[in-house]
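Basis for what follows: all heavy atoms, side chains included, without hydrogens, waters or symmetry-related copies. Numbers here are sequence positions counted from 1. Computed from a prediction, not measured in an experiment: that's the story for all the values here. For ligands, and for the atoms within them, numbers begin at 1 and follow the listed sequence.
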Amino acid sequence: MKAFRAALAERQTDPAGRRWVYAPYDQLGVMGPLAEEDPRTLGLVMVEDPAKAARRPYHRQKLAYVLANGRHFALEQAERGVAVRFEVAREGTAAALRGIAAELGPLRMMEPAERELRAELAPLVESGALRVLPHAGWLSTAEDFAKACPRAPWRMDAFYRQVRTRTGVLMDGSGPLGGRWSFDTENREPWRGSPPAAVPPRFTPDAVTCEVGALLEARYADHPGRLDLEALPATAADAEALWAWARAACLPSFGPFEDAFSHRSRTLFHTRIAPLLNLHRLLPARVVRDAVALDLPLASQEGFVRQILGWREFVRHTHRVTDGFRTLPRHPAVPPDPPRDASDHAVPSFLGADEALPPTFWGDAPSGLACLDDTVRAVWDEGYSHHITRLMVLSNIATLLDVSPRALTDWFWVAYTDAYDWVVEPNVLGMGTFALGELMTTKPYVAGSAYLDRMGDLCGRCAFVPGETCPLTPMYWAFLARHAERLRRNPRVSGPVAGALKRAPEKRAADAATYDYVRDTLARGDVVSPAGVRAARERGE
Ligand SMILES: Cc1cc2nc3c(=O)[nH]c(=O)nc-3n(C[C@H](O)[C@H](O)[C@H](O)COP(=O)(O)OP(=O)(O)OC[C@H]3O[C@@H](n4cnc5c(N)ncnc54)[C@H](O)[C@@H]3O)c2cc1C
Ligand code: SF4
């Protein structure tokens with residue numbers, strides 16, 4: 001880290017007499033003490049922890065986000081006059097902080113967002129070496145959640161109404177601006193090429209970022225995913241540039257095409273700001289404030305604000321109050337407290353799904369399903385795909401296959417550049433796979449080929465024909481029939497479940513045989529083919 005150390009030394013100021021703050025890897029924003037106190041009275045402690053980076057096989061682009069932004073944040077704070085103590089941990093973050101606190105005295109720290117880090121640092125908090133302050137980056141409070149969601153099931157729309165009412169965001173007196181809380185029903189257009197999709201900006205990596213790249217190539221060569229430093233916003237100026245691009249190129253069309261996906265654009269009009277928001281390189285309050293100040297169509301403006309003020313905050317509370325879903329509220333449509341795996345993570349599965357994740361998700365073997373293969377390619381290429389491909393392609397197909405929700409969560413956690421426990425677990429367990437039953441969503445997000453054909457444009461490039469040879473629709477019927485017992489009392493899917501059970505016996509047998517064929521073929525790492533689907537159906541009928 002020669003370039004980084006030299007740049008830091010150039011900017012360092014006298015550390016004597018400073019009030020020290022420890023900023024974890026995902027608190028890279030001027031917030032809390034760094035925003036409120038004179039920089040020349042402050043000291044900033046940062047710890048880079050190779051053991052944390054090696055804990056799971058994180059996508060290399062994700063590691064680049066964390067390391068390059070961390071180092072640049074240290075430089076930027078030193079530039080402001082903050083004294084910086086930057087250490088590389090030899091025996092973990094906690095041991096490094098214990099040594100630093102012994103030397104400098106107790107350190108202040110805003111409460112970490114990640115449960116994993118909270119658990120690791122709990123002994124230091126207990127011993128007084130770390131003093132916890134509230135996290136200044138969140139937009140909502142525990143009281144907001146308790147007020148809107150006093151008992152299970154918890155609903156995002158009630159929470160969102162509460163936060164908007166309390167904060168006054170997009171409000172007209174005591175009611176919502178435009179007379180409705182959500183314009184979601186307007187935001188379901190497929191994208192057929194117009195308006196042109198937003199093209200994400202590229203960045204020029206400086207010596208510090210290149211050094212991170214070289215470190216990753218050398219030390220984390222066995223981690224999956226392509227490293228692309230020019231796609232990486234690494235400095236505060238890069239974060240500004242990304243957000244300026246998102247405001248101008250994405251937000252005006254954000255709403256209508258929110259649910260669309262396309263092989264021609266991995267972005268469409270999504271903003272790609274999640275990795276920077278989760279690292280606090282962009283502050284959520286600022287992003288919402290800017291979005292509200294823009295002259296935008298209300299459906300786009302409200303749709304975007306809902307993602308940040310609503311979903312992002314909501315999922316964080318669900319994670320917090322359940323201790324990472326280890327303790328679930330009692331409700332007939334919510335599973336009991338789930339078992340834990342070897343790493344003490346919760347393994348809920350409302351539907352009892354427990355199949356292994358097929359190797360195709362690791363990009364090792366194409367599946368033959370164009371929508372799945374295109375999305376998996378995007379993920380290993382960029383550590384990114386937008387919400388609909390996460391939900392309606394990856395999670396949908398995994399759920400139809402009865403893949404273990406925990407296995408899918410662990411995959412998302414390493415595959416995406418914006419994944420941290422507080423956000424990835426609720427999204428995959430709660431929303432993507434229905435592993436928490438009706439705790440956070442009203443129904444499983446599952447669909448056959450008609451939906452994917454309507455909202456995307458991959459079917460024309462697929463070996464399968466939607467509604468004819470595509471196996472996803474029979475797998476959808478087979479899913480409903482297999483889980484009828486659990487789903488028939490759910491008012492939003494009881495109709496389709498009844499429909500699945502009413503199908504002629506030979507069709508139901510063909511559905512089940514198609515499911516068996518696709519599950520077994522993908523488990524072997526083989527390609528699903530129209531001939532294979534046809535043969536499976538004939539065997540079933
Ligand atoms: C199965 C699954 C897994 C997901 N895993 C993650 C994850 O690990 N990390 C993550 O940040 N988001 C996750 N999401 C939520 C969402 O898909 C991403 O935040 C979004 O796609 C990020 O891309 P973007 O910045 O272009 O988002 P945009 O579409 O531009 O949305 C703007 C912002 O809204 C916020 N947002 C929107 N929806 C959610 C949500 N459901 N939860 C939290 N924030 C939301 C994000 O901060 C996002 O940057 C997941 C969703 C699903 C269905
Ligand atoms: S035909 Fe089926 S598998 Fe192929 S892209 Fe369309 S929905 Fe996906």
Side-chain angles (χ1 to χ4, degrees), residues 62 156 198 200 242-243 246 250-251 254-255 257-259 261 263 266-279 282 284 287-288 291 303-316 318-319 367-375 383-399 405 408-409 411-433 440-441 445 447-476 518 528 530 533:
K62 157 86 174 287
M156 195 288 294
L242 183 79
W243 178 228
C250 304
L251 293 194
F254 182 85
F257 306 106
E258 215 180 328
D259 284 3
F261 64 100
H263 69 89
R266 291 173 177 169
T267 304
L268 289 178
F269 304 97
H270 294 273
T271 62
R272 291 182 176 248
I273 62 172
L276 294 183
L277 278 178
N278 296 348
L279 291 174
L282 287 172
V287 164
V288 169
F304 180 72
V305 166
R306 179 161 20 95
Q307 306 311 313
I308 295 177
L309 201 61
W311 277 112
R312 186 171 181 276
E313 296 283 321
F314 175 71
V315 300
R316 174 251 170 167
T318 64
H319 198 255
S367 68
L369 309 169
C371 49
L372 179 59
D373 290 337
D374 190 71
T375 307
Y384 176 83
S385 78
H386 64 66
H387 187 69
I388 289 306
T389 45
R390 297 186 205 206
L391 186 64
M392 298 313 295
V393 177
L394 299 170
S395 302
N396 176 32
I397 293 176
T399 304
L408 186 68
T409 305
W411 177 84
F412 266 100
W413 198 346
V414 304
Y416 279 81
T417 49
D418 53 28
Y420 297 89
D421 62 13
W422 64 269
V423 62
V424 76
E425 291 190 328
N427 270 299
V428 186
L429 296 171
M431 191 190 300
T433 61
M440 297 169 54
T441 52
Y445 284 98
S449 61
Y451 176 90
L452 292 164
D453 191 27
R454 188 168 66 251
M455 297 313 298
D457 58 9
L458 267 299
C459 297
R461 303 165 75 84
C462 187
F464 296 98
V465 179
E468 293 179 24
T469 54
C470 175
L472 296 187
T473 303
M475 285 167 66
Y476 168 79
V518 175
V528 177
V533 169

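Partners of L251 under the side-chain contact (heavy atoms from CB on, under 4.5 Å) rule, at least two apart in sequence or in another chain, are W243, F254, T271, A291, L294, L296, F304. Residues passing the side-chain contact (heavy atoms from CB on, under 4.5 Å) test with T267, sequence neighbours excluded: P200, W245, S265, R272.
Checked by atom type and distance alone, the side chain of T473 never pairs as donor or acceptor with a backbone atom of G448 at under 3.5 Å. Formation of a donor-acceptor pair under 3.5 Å by the D457 side chain with backbone atoms of H263 is found in this model.
Ring geometry for W311 against F314 counts as perpendicular: the plane angle is over 60°, on a 0 to 90° scale with 30° as the lower cut.
Protein residues with a heavy atom under 4.0 Å from ligand 1 are F254, H270, T271, R272, I273, A274, L277, N278, F304, Q307, I308, W311, R312, V315, Y384, H386, H387, R390, L391, S395, F412, D418, A419, V423, V424, N427, V428, M431.
If you run ring-ring contact (aromatic ring centres under 6.0 Å, His included) between Y416 and each of Y420, F412, W413, only F412 comes through.
Ion pairing between a basic and an acidic side chain is recognised when a charged N comes within 4.0 Å of a carboxylate O; R390 and D418 show such pairing.
Each protein N, O or S atom less than 2.8 Å from atom 8 (Fe) of ligand 2 was counted, giving 1.
Inter-residue side-chain proximity for C371 and L472 is flagged as met; some heavy-atom pair is nearer than 4.5 Å. S395 has its side chain within reach of L408: a pair of non-hydrogen atoms, C-beta onward, lies under 4.5 Å apart.
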